[in-house]
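Beneath this line is the structure, given in structure tokens, with notes to follow.
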Amino acid sequence: MKVIVELQNIGMKYQSLNGEIPALENINLEVYEGEFVSIVGPSGCGKSTLLSIISGLLAPTSGNVLIEGEQVTGPSKKVGYMLQKDHLFDWRTIMQNVLLGLEIQKSVTPSAKQYAEHLLRTYGLIEFAHKYPSQLSGGMRQRAALIRTLVTNPQILLLDEAFSALDYQTRLAVNDDIYDIIKKEHKTAIMVTHDIAESISMSDRVIVLTRRPGTVKSVHEINFQLDNRTPLKSRKVPKFQNVFECIWKELDVHV
Amino acid sequence: MKVIVELQNIGMKYQSLNGEIPALENINLEVYEGEFVSIVGPSGCGKSTLLSIISGLLAPTSGNVLIEGEQVTGPSKKVGYMLQKDHLFDWRTIMQNVLLGLEIQKSVTPSAKQYAEHLLRTYGLIEFAHKYPSQLSGGMRQRAALIRTLVTNPQILLLDEAFSALDYQTRLAVNDDIYDIIKKEHKTAIMVTHDIAESISMSDRVIVLTRRPGTVKSVHEINFQLDNRTPLKSRKVPKFQNVFECIWKELDVHV
Amino acid sequence: MFSLRQKDNSDLVPETISLEHKKYLKSVQRQKLLVRFTQIMILVLAFGLWELLASLKIVDPFITSQPSRIIKTINTLYQEGALLHHIYITCLETIIGFVLGTVLGTVIAIILWWSDFISKVAEPYLVILNSLPKIALGPIFIVWIGAGPAAIIAMTLAISLIVTILEVLNGFLVIDKEKIKLVQTFGGTKLQVMTKVILPASLPTIINALKINVGLSWVGVIVGEFLVSKAGLGYLIVYGGQVFKLDLVMTSVLILCIAAALMYQGVVYLEKLLITRHRE
Amino acid sequence: MFSLRQKDNSDLVPETISLEHKKYLKSVQRQKLLVRFTQIMILVLAFGLWELLASLKIVDPFITSQPSRIIKTINTLYQEGALLHHIYITCLETIIGFVLGTVLGTVIAIILWWSDFISKVAEPYLVILNSLPKIALGPIFIVWIGAGPAAIIAMTLAISLIVTILEVLNGFLVIDKEKIKLVQTFGGTKLQVMTKVILPASLPTIINALKINVGLSWVGVIVGEFLVSKAGLGYLIVYGGQVFKLDLVMTSVLILCIAAALMYQGVVYLEKLLITRHRE
Amino acid sequence: SNNAQQQLTKIHLSEVTHSIFYAPQYVALSLGFFEEEGLEIELSNGQGADKVMTAVLTGQADIGFAGPEASIYVYNEGREDYSIVFAQLTNGDGTFLMGREPDPDFKWSDVKGKTIIGGRKGGMPEIILQYVLRNNGLEPGRDVLIDTTMQFAAMPGAFMGGQGDYVIIFEPTASEMEKEGKAYILASLGESSGEVPYTAYFASKSYIEKNPEIIQKFTNAIYKGQLWVESHTPEEIAQAIKPHFPDSDEEILVTVVKRYKEQNSWKKDPILLEKDFYTLQKALQDAGELDQTAPYSEVVTTKFADAAIANIK
Ligand SMILES: Nc1ncnc2c1ncn2[C@@H]1O[C@H](COP(=O)(O)OP(=O)(O)OP(=O)(O)O)[C@@H](O)[C@H]1O
Ligand SMILES: Nc1ncnc2c1ncn2[C@@H]1O[C@H](COP(=O)(O)OP(=O)(O)OP(=O)(O)O)[C@@H](O)[C@H]1O
Ligand SMILES: [Mg+2]
Ligand SMILES: [Mg+2]
């Protein structure tokens, strides 16, 4: 399999007047094309920092990020970033929201628009194309946000707790939807989450980070050998509980 | 077993200028002493309304609530209410927060204070008694909120999505803590939640409500026959998944 | 799994109106009427008492004026054709003042948002200027800018500009950093962050600044007219004082009251039009 | 399972300071110095230019005054013992005004929060009074209340009261309904809701109102002193204007500027003291 | 006298503005003439005739000091407890017509076709200016334009900023502007207008009826001030009033006092003459600010002034 993202010895220190905060240390990771990788770790261990570095929004204090062998120096069209909240803009219709990325990249072509329409249709939002975000349910909004990322046609998707704003049942359903979309569109995904069950149910590999400064503590390959795997199906596999408990212990969750 | 709460034919209609919203219809329910009952149901089906009615904060438009055989006409000392957020007051220390209910009921006696201290000590918060809430973690805050309810010594606890503000891992841990506390203190609990897994893992019975106007759709007895049952243990019982799926289907969750 | 569910509460019961609902609607109606009635009663009583006390010379109508005298004064002014002219002048100055204040304030806020350095340098100056009662500058303005409409507009700007800058800048700064990050993830430049997020997201703030500015502009215009003017409601107040016609003073203040309230409502209406459109 | 974890970020690295951190601290320091330097340069340049242009008679010092003349004026005023007296009078009036405004405003807000009926009846009146430029009432106040300190305080109240009421009431209304529900679940009465939740939770709002009020009180006092006074900074400005002593006017405005900024900072400090105590 | 000092009666006096033009009053205050009469004066600056009159009518001030026109307005409005003028202090206008260049040969006809900054419409300076212009055969509005947009405080600045051809200015600003070479006095409106009662003391009818002895004492003190000013040099007068004008230049003070003294701005006794009273009303009428004349016998009393003259040498 082809390596699409390569992290070499990433280290990150935040500077502030009160001192230096070492957020990440010595992170080495390879992500393969089409793979779904999750990153879990204690609060404040540097997960978001890591995604920001991969996306090129933040320069690491040491180490390199390579995407398809090229060094990352700034935001790239190859990478799409999904944030915790959908951040659909109130003052834009769904269609206008979906086209935001293309507008910024100055590439709103008729074919790009058609692609946007195609995605909206495929994922059940075409009727809302000219509605405003306030008229959509939480799950629909999250889907619209994903489509906004997909229309710029990135190869790699970064998801930073993209589902944590949803309530539990909706979250389960959206997990299934988004997983489905990502697989259908053949994207590589790197997802950060607080939810161990979510990470296991969706990914091919779960990376556990240590407390700050975050380093890779362990890597869990998830292979439930399911046909037409979906997150919900994964949750019902007996092995699921074992993996869950194993990661739970590694994370050493405290109240 | 003794019936402690009895709902007779509860119906509730909200009046507004735009029309009438029937929130609850024809609810009949008996809760036994020491029982842990969960109520799940679609968003807006009237779960919070039902708890408000039981607590006496809201008068139903029809039907009666009996607590220990007496009709409820207003807030009673027998009932403690835990809301979604901890609502610890910023400007009070943990101790002052915990004594809030007693203050309001004008019953801050030395023995009540001792009881508060006892609870804080037992549940690991005594060191924070004179700290302000901002210095506590989410889980600790939730425990403090529970203690605030417990010091007024209610027999019945109403919990309205009391854990939904916590992140997933913390939530699991707090579930265990609170369950432990409620059982140790021999309280009867009625809990509303969105989280099917939470409801199954904690309760003796799960009541599923229909869409608005909410009526009892089905009742699920949970009996995993565990020694020293805890929510986390319950989640690992094989039957758990079956009950989950059954309720999931009944709820008919949509994105 | 994609049920196209609209938001809740659309499924209200329209069918037959229940007895309870009828009762509820009636009680709401009664409450509303009572409120309206009390409001009007207060108005009637206040003016009635004023008229009565003045007629009975318990209060001195020469000093306190009197509703009937005010009506007479309005009538006279109207027949002379002067009334509308004075109102027009003052309203025009106010509108110029608050539009200018809002535009300039927003532009300066953009500059401050753009350059961290400028904003840091400007901070203590803004704080001091903000706490300064700008009214005190009036006499200086006239000396420096000269008597005339320019001095009135300058007074208005002095009063409203700093508040607008701080208000709008604050609006910029409370915009969710994640929204800005979103634009950056697409490779957006600072200018794009400004045009795609900051400005549209700040529309409510800017309109709110407009709302504050209407009020402040009225103050500025009135103070300005107190100092220099040949027409306007402020002029009438000063002139009335000069020749000891308290009726004229009271009349002008009353008209002012109404004009200011109407203009404020206009901006509130504008706000509704611009903002609530997308946020039903 | 009860690990007694404190909040994050306490575990910063205090040990040895790394090279990067040193570099960072140095660049921050440099930036800070540059900002301070620019601020002082602007001040020095502005006053220097003013002095120079006035000395060379390029601008007319008779009209614009001049820093050196201002210093001389301050000195003269100080030696006569008048300076501190005028400052004292104005500051006293301002403090009385804003304390009174805040207290009264809060009390009225409590009443409006308490009674839905009163609040509904009062609403349109509040809206109109809020949009009215209270400055225009100045001449009327003097007629009704009389020339003297009372009129100045009345002017100040007129300017600050409505804003305070609306601000505080709004603060009351945005308090989480669930917090109120919490008190009610314990059987709390309306009075208990007020004392246990609304008032303490509104402390930040009330202090914020205080902050707004300081500014408005200065305006009120200055306007009041413009209209009636025998002492105070506003009096000095008016008197200086009457005898065309721009030095006196400019001096008074400068002192006013400093006094107002200091008082504002005082309230900001008070806010820090009262609010951040519990919210580190 | 020690005993008398303890029994001083406190009187609130509201003056229209604080000006050297009112020197005899400040002389009386500085030299203790009021105390001699058993009065203690609390002086406040009303900043405008309307506010002074309001203070008197509402009882916040016992005695008002402003133009007699305020009393005429009040009488004409039909108020029962109107104000009565009992002592006159200044005689004729205190303002000066100033131009940008000195002109020793100035004639009023020179202003034809020009603009004069004249203060607010309806204010006394503007009314007297109109009166003077008419007396010199110039019709305001047709032959000469009077700019009435500004408050008095704004006028010097506006004039120096290039507005208008002429401006009317009070002392000490006039002298200071002349000293700075910004403007030059061309004519005195006081001289040009002749005898016009310009500032006078008044109190409400009821107050006078209730407290005639206070009014008498007050008038006595004022008369003493007038006599003192009459018999002393400008330097001495300037010295006496200096405490009331602490931030004024001594040199300017002397100049101003001298100018007012030379043109007889200060009345030598407190009597407001009937002919002067009607002159004033004519000026008001011509300016269109007065619909009907008020009778001298009602609005003015010379009883106290007469008694003062009889008793004090
Ligand atoms: N801009 C910044 N300046 C200084 N410190 C920062 C900055 N951003 C993050 N940090 C610190 O770096 C650490 C890692 O932050 P980061 O947001 O990457 O963690 P995270 O794992 O995403 O946390 P969470 O689980 O809460 O989302 C935290 O301790 C945080 O306080
Ligand atoms: N005070 C009120 N006035 C009018 N309608 C109300 C009021 N409170 C609740 N409702 C309506 O009654 C219905 C039931 O509300 P309730 O809050 O009890 O539902 P819920 O099951 O707790 O919802 P959720 O799952 O969102 O917490 C909702 O449709 C809501 O819109
Ligand atoms: Mg994060
Ligand atoms: Mg609810």
Side-chain angles (χ1 to χ4, degrees), chain A residues 48 51-52 55-58 74-77 79-93 96-97 100-107 122-128 131-140 143 145 148-149 151-152 154 158 160 172-174 176-177 180 230 232, chain C residues 1-12 106 110 116-117 120 123 168 171-210 270-280:
Chain A
S48 299
L51 285 199
S52 288
S55 75
L57 284 177
L58 199 66
S76 134
K77 291 191 190 180
V79 180
Y81 203 144
M82 260 187 91
L83 304 165
Q84 178 165 357
K85 284 193 268 165
D86 54 66
H87 291 300
L88 295 175
F89 293 167
D90 277 352
W91 56 90
R92 286 170 167 250
T93 61
Q96 287 166 343
N97 263 295
L100 178 72
L102 293 173
E103 261 178 47
I104 290 169
Q105 293 168 1
K106 302 207 166 64
S107 45
T122 316
Y123 302 114
L125 288 175
I126 193 71
E127 290 169 50
F128 292 88
K131 295 262 158 74
Y132 286 94
S134 59
Q135 292 168 286
L136 270 63
S137 71
M140 289 157 81
R143 259 184 278 143
R148 179 181 57 197
T149 311
V151 282
T152 61
L158 308 178
D160 193 356
L172 290 184
V174 172
D176 265 27
D177 288 352
D180 184 50
T230 70
L232 214 53
Chain C
M1 231 188 205
F2 296 131
S3 87
L4 302 175
R5 179 165 63 92
Q6 292 277 46
K7 291 213 105 185
D8 238 351
N9 272 356
S10 45
D11 48 335
L12 297 173
T106 305
I110 290 176
D116 203 40
F117 183 72
K120 269 190 189 142
E123 202 199 310
V168 174
F172 287 175
L173 295 178
V174 298
I175 289 171
D176 197 337
K177 295 282 165 297
E178 294 279 298
K179 282 207 161 67
I180 297 170
K181 191 171 173 182
L182 174 71
V183 170
Q184 286 168 342
T185 62
F186 290 118
T189 61
K190 193 153 191 175
L191 185 64
Q192 282 176 325
V193 168
M194 188 81 226
T195 55
K196 302 279 176 198
V197 184
I198 303 287
L199 279 184
S202 299
L203 191 66
T205 317
I206 292 173
I207 296 206
N208 196 42
L210 209 65
L270 185 78
E271 180 180 28
K272 272 214 188 103
L273 216 73
L274 284 176
I275 308 249
T276 37
R277 193 158 48 103
H278 311 327
R279 297 167 199 189
E280 323 84 82

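All chains are named by letter (A, B, ...) in the order of the sequence lines, taking the proteins before the strands, and each is independently numbered beginning at 1.
- We find the CG-OG1 distance between A:Leu158 and C:Thr185 to be 9.0 Å, quoted to the nearest 0.5 Å.
- No donor-acceptor distance shorter than 3.5 angstrom exists from the side chain of C:Gln184 to the backbone of A:Leu57, with no hydrogens or angles considered.
- Among all heavy-atom pairs drawn from C:Lys196 and A:Phe89, the shortest one is O-CE1, 3.7 Å.
- With respect to the salt-bridge test (charged N to carboxylate O, under 4.0 angstrom), the residues A:Lys85 and C:Glu178 do not qualify.
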Please test A:Leu100 against C:Leu182 for side chain to side chain contact (heavy atoms under 4.5 Å, CB included), starting from the C-alpha separation and ending with a verdict. CA-CA 10 Å; A:Leu100 178 72; C:Leu182 174 71; 4.0 Å; yes

Evaluate the criterion side chain to side chain contact (heavy atoms under 4.5 Å, CB included) for residue pair A:Trp91 and C:Leu203; output intermediate values, then yes/no. CA-CA 10 Å; A:Trp91 56 90; C:Leu203 191 66; over 6 Å; no

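- Contacts of A:Thr93 with chain C are absent, with no heavy-atom separation under 4.5 Å from either backbone or side chain.
- Between C:Gln192 and A:Gln105, every side-chain heavy-atom pair lies at or beyond the 4.5 Å cut-off.
- For C:Lys177, the NZ atom counts as densely surrounded, since its 6.0 Å shell holds more than 12 non-hydrogen atoms of other residues, nucleotides or ligands.
- A 4.5 Å side-chain heavy-atom check between C:Phe186 and A:Glu103 finds every atom pair outside the cut-off.
- Neither the backbone nor the side chain of A:Ser55 comes within contact range of chain C; no heavy atom of the residue lies under 4.5 Å from a heavy atom of that chain.
- C:Lys179 contributes atom NZ, which lies 9.0 Å from atom CG of A:Leu88 (distance to the nearest 0.5 angstrom).
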